Amino acid sequence: QKEVEQNSGPLSVPEGAIASLNCTYSDRGSQSFFWYRQYSGKSPELIMFIYSNGDKEDGRFTAQLNKASQYVSLLIRDSQPSDSATYLCAVRPSGGGYNKLIFGAGTRLAVHP
Amino acid sequence: DAGVTQSPTHLIKTRGQQVTLRCSPKSGHDTVSWYQQALGQGPQFIFQYYEEEERQRGNFPDRFSGHQFPNYSSELNVNALLLGDSALYLCASSKRGNSPLHFGNGTRLTVT
């Protein structure tokens with residue numbers, strides 16, 4: 001069983017719409033959750049991090065965490081073609097060092113004009 | 001503010017050879033970790049260094065080794081290269097504690 005699961009996509013949304021990206025994780029003791037954006041051939045870029053249940057907003061991005069359901073999501077409002085990329089969900093597992101993250105395989109987002 | 005820098009950007013090696021990849025952490029960061037990302041997959045944790053010691057290791061064989069220097073920069077060494085070692089190698093740095101990781105641009109290693 002994979003520790004962090006994401007739908008591989010592609011998730012296709014029209015420009016200006018809300019893109020919703022989802023992630024589930026298996027380690028119930030996980031405390032820290034991250035979303036990275038990765039353009040093709042490039043390295044992951046930190047978009048959001050969330051440590052507490054609920055919502056966290058930063059500009060057009062909102063991260064949502066539900067620890068009881070072991071579920072993390074990322075909402076992108078007013079999606080732009082430049083948002084087209086692979087979005088990686090990462091979880092810091094319990095009992096591990098702070099730099100050990102478990103990544104999902106990523107969801108490919110395509111925003112079309 | 002310099003981010004995480006890695007060198008070289010690309011590398012082509014032959015099976016059985018050895019390779020060294022280098023990383024300088026973001027200013028103010030003292031902890032470095034290395035990840036391997038195969039095509040179409042998420043990054044996988046190799047190991048983490050702080051205070052010049054390996055602190056945690058993922059499921060990678062001993063062929064993968066590293067080092068951290070007093071200025072917090074780091075090296076990743078891979079011996080006896082296999083075709084399956086072809087991947088993007090990512091260095092990430094952070095401050096000690098529960099802070100986000102910031103990745104460098106990576107080194108693309110191709111083993112032929």
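Since the model is a prediction, treat every value here as computed from it, not as a measurement. The sequence lines fix the lettering, A, B, ..., with proteins before strands; numbering per chain opens at 1.
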>> A quick test of your reading: do over 12 heavy atoms of other residues, nucleotides or ligands sit less than 6.0 Å from CZ of A:Phe34?
In response: yes
> Within a radius of less than 6.0 Å around CG of B:Asn59, do more than 12 heavy atoms belonging to other residues, nucleotides or ligands occur?
Replying inline: no
> Considering only heavy atoms, which portion of B:Gln48 lies under 4.5 Å from any heavy atom of chain A: side chain, backbone, both, or neither?
Replying inline: side chain
> Is it true that A:Tyr87 and A:Met48 fall in one hydrophobic cluster, defined by side-chain heavy atoms closer than 4.5 Å?
Replying inline: yes
>> Does any backbone or side-chain atom of A:Leu88 lie under 4.5 Å from a heavy atom of chain B? Answer side chain, backbone, both or neither.
In response: side chain
> Relative to chain A, which segment of B:Gln6 carries a heavy atom at a distance below 4.5 Å: side chain, backbone, both, or neither?
Replying inline: neither
> At a heavy-atom separation under 4.5 Å, does B:Phe47 approach chain A through its side chain, its backbone, both, or neither?
Replying inline: neither
>> Let's test your reading of the structure: which of B:Gly42, B:Pro43, B:Ser33 forms the most heavy-atom pairs below 4.5 Å with chain A?
In response: B:Pro43
> If you take all heavy atoms of B:Ala92 and A:Asn99, which pair is closest and at what distance?
Replying inline: O-ND2, 4.4 Å
>> Is there a path of hydrophobic side-chain contacts, each under 4.5 Å between heavy atoms, that joins A:Ile47 and A:Leu21?
In response: yes
>> Surrounding CD1 of B:Ile12 (heavy atoms of other residues, nucleotides or ligands, distance under 6.0 Å), is the total greater than 12?
In response: no
> Should A:Leu46 and B:Leu101 be marked as a side chain to side chain contact (heavy atoms under 4.5 Å, CB included) after you check the CA-CA gap, both sets of side-chain angles, and the distance that decides it?
Replying inline: CA-CA 8 Å; A:Leu46 180 68; B:Leu101 301 189; over 6 Å; no
> At a heavy-atom separation under 4.5 Å, does A:Gln31 approach chain B through its side chain, its backbone, both, or neither?
Replying inline: neither
> Between atom CD of B:Gln41 and atom OG of A:Ser8, what is the distance when rounded to the nearest 0.5 Å?
Replying inline: 12.5 Å
>> More than 12 heavy atoms of other residues, nucleotides or ligands under 6.0 Å from NZ of B:Lys95: yes or no?
In response: no
>> On a heavy-atom basis, which atom in B:Phe103 and which in A:Pro44 lie closest, and how many Å separate them?
In response: CB-O, 3.6 Å
> Is B:Leu109 reachable from B:Phe64 through a run of hydrophobic residues whose side-chain heavy atoms are each under 4.5 Å from the next?
Replying inline: yes
